[in-house]
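Each ligand, and each atom within it, is numbered from 1 in the order the structure gives. The analysis underlying the following values was restricted to heavy atoms, covering all of them including side chains, and did not include hydrogens, waters or symmetry mates.
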Amino acid sequence: MEPDPKEAEFFRRLDADESIEPKDWFPERYRKQLIRMMSQHAHSEIVGMLPEGNWITRAPTFRRKIGLLAKVQDEAGHGLYLYSAAETLGISRDEMYQQLLQGQAKYSHIFNYPTLSWADIGMIGWLVDGAAIINQTMLAKCSYGPYARAMVRICKEENFHKKQGMEIVGTLMAGTPEQRRMAQEAFDRWWWPTLMMFGVPDQASPNSAELTRFKIKRKSNDELRQRYIDMKVAQAHAFGLVVPDPDLKFDDATGHWRIGPIDWNEFYRVLQGAGPCNRERLEARRQAYADGAWVREAAAAFEKKRRQKEETAA
Ligand code: 3HC
């Protein structure tokens with residue numbers, strides 16, 4: 001069967017590393033994969049505000065409170081960026097919201113874990129945002145223009161988030177034995193779940209092959225995970241933290257850190273809703289959506305009035 005000329009042209013442009021823009025023709029599968037990833041990414045940013053927001057009123061100093069406020073506000077902005085970028089694919093923001101609120105859309109599993117102490121805020125900045133940066137730096141080179149451009153801006157702010165987290169962890173590790181214990185206890189809880197942020201193992205991924213062909217993913221899940229492990233193990237040792245993995249060992253032949261097995265059963269349990277905070281996170285988002293109804297109604301009434309004025313003036 002003759003290849004579809006539009007499809008052939010699309011893949012020629014991909015192979016020439018051209019940026020695909022909203023007005024261009026692209027296959028429905030390309031649109032579906034981008035909507036899946038970009039809407040889940042946006043949901044992750046918005047839900048990710050909840051565990052950190054939990055500590056804004058309890059930050060140990062005014063300076064820490066200001067830094068955390070700024071970070072949480074950034075995450076809201078990242079979510080809005082990504083919803084706007086996803087809208088260029090023809091899905092409405094409200095449709096994406098409904099998918100999340102009805103439990104049909106995913107968000108990063110990592111945000112279903114609780115923030116039990118101030119040290120968790122350091123771990124989220126250092127480890128979670130650190131993982132997001134590695135992933136998002138790759139996505140800044142993805143073939144879809146609006147997503148790649150959104151990543152450039154977001155990565156700059158993520159770097160501030162990561163540095164803020166590292167400074168918190170460094171301060172605790174240079175502090176009292178109680179502060180050091182608090183940081184180690186938080187690290188023990190966040191280490192393994194952050195490794196799962198890079199997606200399932202390559203050979204188990206139903207999406208990676210297609211995402212790679214579409215030049216949305218430029219590196220594999222396991223490649224990015226390994227880069228993260230090599231970076232974070234060295235930083236953990238520099239902090240004086242013990243990596244909670246008895247099988248951890250440095251492989252001189254490859255220059256990489258080798259880890260013990262990741263508990264993918266835990267990952268799928270959390271993904272299917274049995275994580276420590278899944279219910280709480282979704283309830284918080286549903287409540288926020290209900291609380292915001294008056295804003296949507298006021299904006300719709302204003303827009304209706306404006307349209308009526310325009311029509312009578314025409
Ligand atoms: N959390 C939730 N779901 C996950 C996941 C995770 N950590 N890892 C994988 N999954 C899901 C996938 O969505 C997929 O399910 P679906 O097909 O129903 O959507 C399934 O598990 C199989 O996983 P794959 O590895 O095949 O999925 P992907 O190829 O899409 O890779 C991903 C997963 C790396 C998360 C990729 O989707 C991605 O890069 N997404 C965009 C970036 C993103 O969403 N990052 C989330 C963190 S944002 C953040 O941390 C904000 C920061 O500011 C704090």
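The aromatic rings of W191 and Y228 sit parallel to each other, their planes meeting at less than 30°, with 60° as the upper class boundary.
Electrostatic pairing of R306 and E310 counts as a salt bridge here, judged by a charged N lying under 4.0 Å from a carboxylate O. E9 has no carboxylate O lying under 4.0 Å from a charged side-chain N of K6, or vice versa, which leaves the two without a salt bridge. Taking the charged nitrogens against the carboxylate oxygens, K32 and E210 have no contact shorter than 4.0 Å, which rules out a salt bridge. Ion pairing of R13 with D24 is present here, as a side-chain N (NZ or NE/NH1/NH2) and a carboxylate O approach within less than 4.0 Å. With respect to the salt-bridge test (charged N to carboxylate O, under 4.0 angstrom), the residues E157 and R153 qualify. The pair R225-D222 meets the salt-bridge criterion, since a charged nitrogen lies less than 4.0 angstrom from a carboxylate oxygen. A salt bridge does not link E185 with R181: none of the charged nitrogens is closer than 4.0 Å to a carboxylate oxygen.
At a heavy-atom cutoff of 4.0 Å, ligand 1 is contacted by the side chain of N221 but not by its backbone. At a 4.0 Å heavy-atom cut-off, ligand 1 touches S108 through backbone and side chain alike. Only backbone heavy atoms of Y107 (N, CA, C or O) come within less than 4.0 Å of ligand 1; its side chain stays farther off. When heavy-atom distances to ligand 1 are checked against a 4.0 Å cut-off, Y268 has no atom that comes that close, whether in backbone or side chain. The backbone and the side chain of P206 each have at least one atom closer than 4.0 Å to an atom of ligand 1 (non-hydrogen atoms only).
Assignment of Y147 to the shell around ligand 1 is supported, since a heavy atom sits closer than 4.0 Å.
Nearest-residue assignment for atom 20 (C) of ligand 1 (options L224, L82, N207; heavy-atom criterion): N207. Proximity annotation for atom 11 (C) of ligand 1: of M151, H161, K71, K106, K106 comes nearest, heavy atoms only. Considering each of M37, M196, H41, the one bringing a non-hydrogen atom nearest atom 43 (C) of ligand 1 is H41.
By the 4.5 Å heavy-atom criterion applied to side chains, R213 and Y30 are not counted as neighbours.
Close approach of ligand 1 to V200 is summarised as follows: ligand atoms under 4.0 Å from at least one heavy atom of the residue are 23 (O), 24 (P), 25 (O). Taking every heavy atom of N135 and a limit of under 4.0 angstrom, the matching atoms of ligand 1 come to 38 (C), 39 (O), 42 (C), 45 (N).
Looking at Q136 next to ligand 1, no N or O pair under 3.5 Å apart turns up.
In this structure, atom 32 (C) of ligand 1 is not in close contact with the protein, since no protein heavy atom lies within 4.0 Å of it.
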